[in-house]
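Okay, so here's the structure we're looking at.
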Number of protein chains: 2
Amino acid sequence: MATIKDVAARAGVAPSTVSYVLSGSRKISEDTRHAVQAAIEELGYHPRASARTLRSARTRVLALAAPRVPGAYRAIDGRFAIDVTDAARGHGYDVLLMTDSDGVGGLRRVARSRLADAAVLMAVEDRDPRVEVLHELGFPAALLGHDDHAALPWTDLDWEAAVALAVRESVAAGHRRMLFLSSAEHEVAARRGYALHGLDGARRAAAETGADVRVVPSHRDPDILARRLNEALTARPVPTALIVQHLILLPRLLDTVAAAGLRVPHHLTVVLVGSLPDELGTRHLPRIDLPVAEMSTAVARLAIDAIGSGRDDGPPSSQEPAGAGASTRPSDAPHHLIQPQMAGPVIAPPPGRP
Amino acid sequence: MATIKDVAARAGVAPSTVSYVLSGSRKISEDTRHAVQAAIEELGYHPRASARTLRSARTRVLALAAPRVPGAYRAIDGRFAIDVTDAARGHGYDVLLMTDSDGVGGLRRVARSRLADAAVLMAVEDRDPRVEVLHELGFPAALLGHDDHAALPWTDLDWEAAVALAVRESVAAGHRRMLFLSSAEHEVAARRGYALHGLDGARRAAAETGADVRVVPSHRDPDILARRLNEALTARPVPTALIVQHLILLPRLLDTVAAAGLRVPHHLTVVLVGSLPDELGTRHLPRIDLPVAEMSTAVARLAIDAIGSGRDDGPPSSQEPAGAGASTRPSDAPHHLIQPQMAGPVIAPPPGRP
DNA sequence: CGAATCAATCGAATCGATTCGACAAACGGG
DNA sequence: CCCGTTTGTCGAATCGATTCGATTGATTCG
């Protein structure tokens, strides 16, 4: 309830002096500073965010746009939300959580009412309407995950390298025939980066190693998924490794493997790609964890950096390398591509090999 | 970039008139209203949140305090965050997401800088320091989940009824010997409501039905959990049903069941209590879903209702029923206790029974 | 026909900070 | 000893809305 005026009165100075003590933007004598700080302590003063924002045009808030929830909820998203929030706090920013239950309406509203300084978008889709809206409003933003079209800063795991690594490590353990449980068809159709790049990684590693890698597309319906998997597991020649990128239905999946009479890892090695660290009790399987913390830190940073350099619509700087302006070509946007690492137990050899 | 002045100028009226058109708090003639609305459209005007808040002392923001993340992340929390956000939006509120990486510091900061009008706390613990801070600051709040001590509005699934229902339904399906995989010991020690009430429900239903219900406390270490479960599954007389309240390590748990040579549901029926709707592919098991949407709607409502009646420290109203002031006794706080419902397939009978 | 009533709108104060120019006192140099 | 500089602080304008009285016509009633 105390305001800057109360503090000033108590310390016997002008309000502006209190402000300078707080911001440190002008030199204040030792004595005055102590008097002001004492008054602040005694009154339990804390500046009102709204007044600060009104004057300075800075909210110190990031809008975090959670992904649409298409039937199946993604366990991963909450974790990202928390880690992004922590990362933002590290830079003095708070996080406003937004769903897209009203489509892009929420983002537009938050941007125009100046509730936030920048946005972080989760689970960006190809030709994502949110990206267009932000661009239209000239609102700074950064993306968690990416596809190759959006001309905004982004961070992501290198999914191609990740799946390729899983395949190569399986081959190194002696496996020659394996299944790759890829993203569901609707994710491929939506041209999600992780779906496309994951497939690329599997194909590339198969070609490089000469291994027999059969792709099984996942499906959001667990029964269909179970049927597909069961067919692939029993088709000859019998696969000895299962690389899983689509983890949403993991329990059901392991159930299916067990139902086929296969023990893990004795008959079949299961390798996860993009698992959430420590999540869902997957620690007993060899895997490539999704670097949630690293991605969150990076995206918060990218979003905050974008605030200063908000779109100024000026003529493109002549310092630029030849071609279009800095943020026009997707490949020019700042980004942070993270390299995969294996975690967990080593990959078991195929049956019949020591 | 347009302000209320610009709109006023364009419509040929005073700024206050524009404000009244927007708020509807005074009568405005048809003609003027249309002129103002046209000007708003043409300029793409949207009121600045900070200016509004500064004047009206209302942020229209709820602070959502995410639970501490103790090693294992809870898949459930992200879902709650999203649903609470949607529910808040339904009342015209936005949601500021807070972690407790700096303990209660975040809440205190948000409350004192007036970034939010009220708080929603997730996963409240016994003698939760956050509750004390909010009380000390006189900050309105509501809780997701509850224990019997906090004198704040709350909502929760009736965990005692839920576990009791799972036991009774299992008995009705013919089971006489079952395991109850309860919350982990550290959760009981923290006196979490769901842990205590769940145990009560199991005991009560066991007494009522005369069934043999053995309690197996979960454990955050999956290896310890697996060992405990394995012992209980193989102890004589052999249990025919497994009721699971602690779902965090579910995949590993089903793995353990399979490793014991037990097929679900043929040898052993697994019933889940408090599973997340559609989450993790648990739809093939009989279960009691956690009513996330219902709880979220309720808690948003409770928090918003608490804003109006913010602590006024005045003398207790004489309209009150005899006894202490309205918010002094925990049992007096408004709340919303949700009754459990079975979902999914019917519970399979024990082996040897048709 | 003048006074009272009512509807619609205006003007100005206000919320609580930030920030710029002005100003007084202290200081140093010539 | 006077003037220019530096140091520290003050005062006032400002950010963009809300809201309360005051004001202006139009209308009604006696």
Side-chain angles (χ1 to χ4, degrees), chain A residues 1-40 43-61 92 94 109-117, chain B residues 1-40 43-61 92 94 109-117:
Chain A
M1 346 212 114
T3 74
I4 200 171
K5 274 191 184 173
D6 302 325
V7 174
R10 175 136 194 156
V13 300
S16 50
T17 304
V18 176
S19 179
Y20 290 128
V21 168
L22 250 19
S23 70
S25 63
R26 274 197 190 180
K27 203 165 209 175
I28 295 290
S29 74
E30 197 74 358
D31 292 354
T32 317
R33 183 166 47 239
H34 282 133
V36 168
Q37 264 153 0
I40 287 175
L43 297 176
Y45 167 74
H46 200 101
R48 227 74 102 217
S50 57
R52 210 169 240 214
T53 295
L54 176 58
R55 181 60 229 236
S56 64
R58 281 274 134 100
T59 62
R60 308 229 97 196
V61 168
D94 280 295
R109 184 176 51 79
V110 166
R112 298 213 305 184
S113 65
R114 297 270 188 288
L115 267 167
D117 294 332
Chain B
M1 347 208 114
T3 75
I4 200 171
K5 273 191 186 174
D6 301 325
V7 173
R10 175 138 196 156
V13 299
S16 50
T17 303
V18 177
S19 179
Y20 289 127
V21 168
L22 249 20
S23 69
S25 62
R26 273 197 191 180
K27 202 166 207 174
I28 295 292
S29 74
E30 198 74 358
D31 291 354
T32 322
R33 184 168 44 240
H34 282 133
V36 168
Q37 264 153 0
I40 288 175
L43 297 176
Y45 167 73
H46 200 100
R48 224 77 99 218
S50 57
R52 206 167 242 211
T53 296
L54 176 59
R55 180 60 230 236
S56 65
R58 282 273 136 100
T59 62
R60 308 231 98 196
V61 168
D94 281 293
R109 184 175 51 80
V110 167
R112 299 214 305 185
S113 65
R114 296 273 189 284
L115 267 167
D117 294 331

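Note that the structure is a prediction, hence the values are computed from the model and not measured. Chain naming here is simple, since letters A, B, ... match the order of the sequence lines and numbering starts at 1 in each.
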Tell me the interatomic distance from H46(A), atom NE2, to dG16(C), atom P, rounded to whole angstroms. 15 Å
Backbone N/O of R60(A) and side chain of D117(A): donor-acceptor pair under 3.5 Å: yes
Minimum-distance nucleotide (side-chain atoms of R26(A) versus dC20(C), dG8(D), dG21(D)): dC20(C)
When you measure from the side chain of P47(B), which nucleotide among dT19(D), dG16(C), dA17(D) comes out closest? dA17(D)
So which one's nearest nucleotide on DNA chain C is more toward 5', K27(B) or S56(A)? K27(B)
Check against side chain to side chain contact (heavy atoms under 4.5 Å, CB included), T32(B) and V21(B): CA-CA 9 Å; T32(B) 322; V21(B) 168; 5.6 Å; no
Does the dT19(D) base have a donor-acceptor partner in the side chain of R55(B) within less than 3.5 Å? no
Comparing I28(B) and L54(B) on DNA chain C - which has the more 5′ nearest nucleotide: I28(B)
From the set dG16(D), dT9(C), dC10(D), return the single nucleotide nearest to any side-chain atom of V13(A). dC10(D)
To the nearest Å, give me how far apart CE (M1(B)) and P (dC15(D)) are. 15 Å
Would you mind reading off the distance between L22(A) atom CG and dG16(C) atom C1', rounded to a whole angstrom? 13 Å
Closest to the R48(B) side chain, choosing from dA17(D), dG21(C), dT19(D): dA17(D)
Whole-Å distance separating the CG atom of L43(B) from the C1' atom of dG16(D): 15 Å
Of the listed nucleotides dT18(C), dC20(C), dA22(D), the one nearest the side chain of S19(A): dT18(C)
Backbone N or O of V13(B) within a donor-acceptor pair of the T17(B) side chain at under 3.5 Å? no
Can you tell me how far C1' of dC15(C) sits from NZ of K5(A), to the nearest Å? 10 Å
Taking 4.0 Å as the cut-off, does a side-chain nitrogen or oxygen of Y45(B) come that near to OP1 or OP2 on dG16(D)? no
From the set dT19(D), dA12(D), dA17(C), return the single nucleotide nearest to any side-chain atom of Y20(B). dT19(D)
To the nearest angstrom, the CD1-P distance between I4(B) and dG11(C) comes to 14 Å
Nearest-nucleotide pick for T17(B), side chain only, options being dA17(C), dC10(C), dG8(D): dC10(C)
Just checking, is any N or O donor in the side chain of S50(B) or T53(B) under 3.5 Å from an acceptor N or O on the other one? no
Is there a donor and acceptor pair, one atom on the side chain of S29(A) and one on the base of dG8(D), closer than 3.5 Å? no
Counting side-chain heavy atoms from C-beta on, which of dA17(C), dA17(D), dC15(D) comes nearest to T3(B)? dA17(D)
Without decimals, in angstroms, what is the distance between R58(A) CZ and dT14(D) P? 22 Å
Do R52(B) and dG16(C) have a side chain to base donor-acceptor pair shorter than 3.5 Å? no
May I ask you to decide if R109(A)'s main-chain N or O and S113(A)'s side chain share a donor-acceptor pair within less than 3.5 Å? yes
Side chains of S16(A) and S19(A): is there a donor and an acceptor less than 3.5 Å apart? no
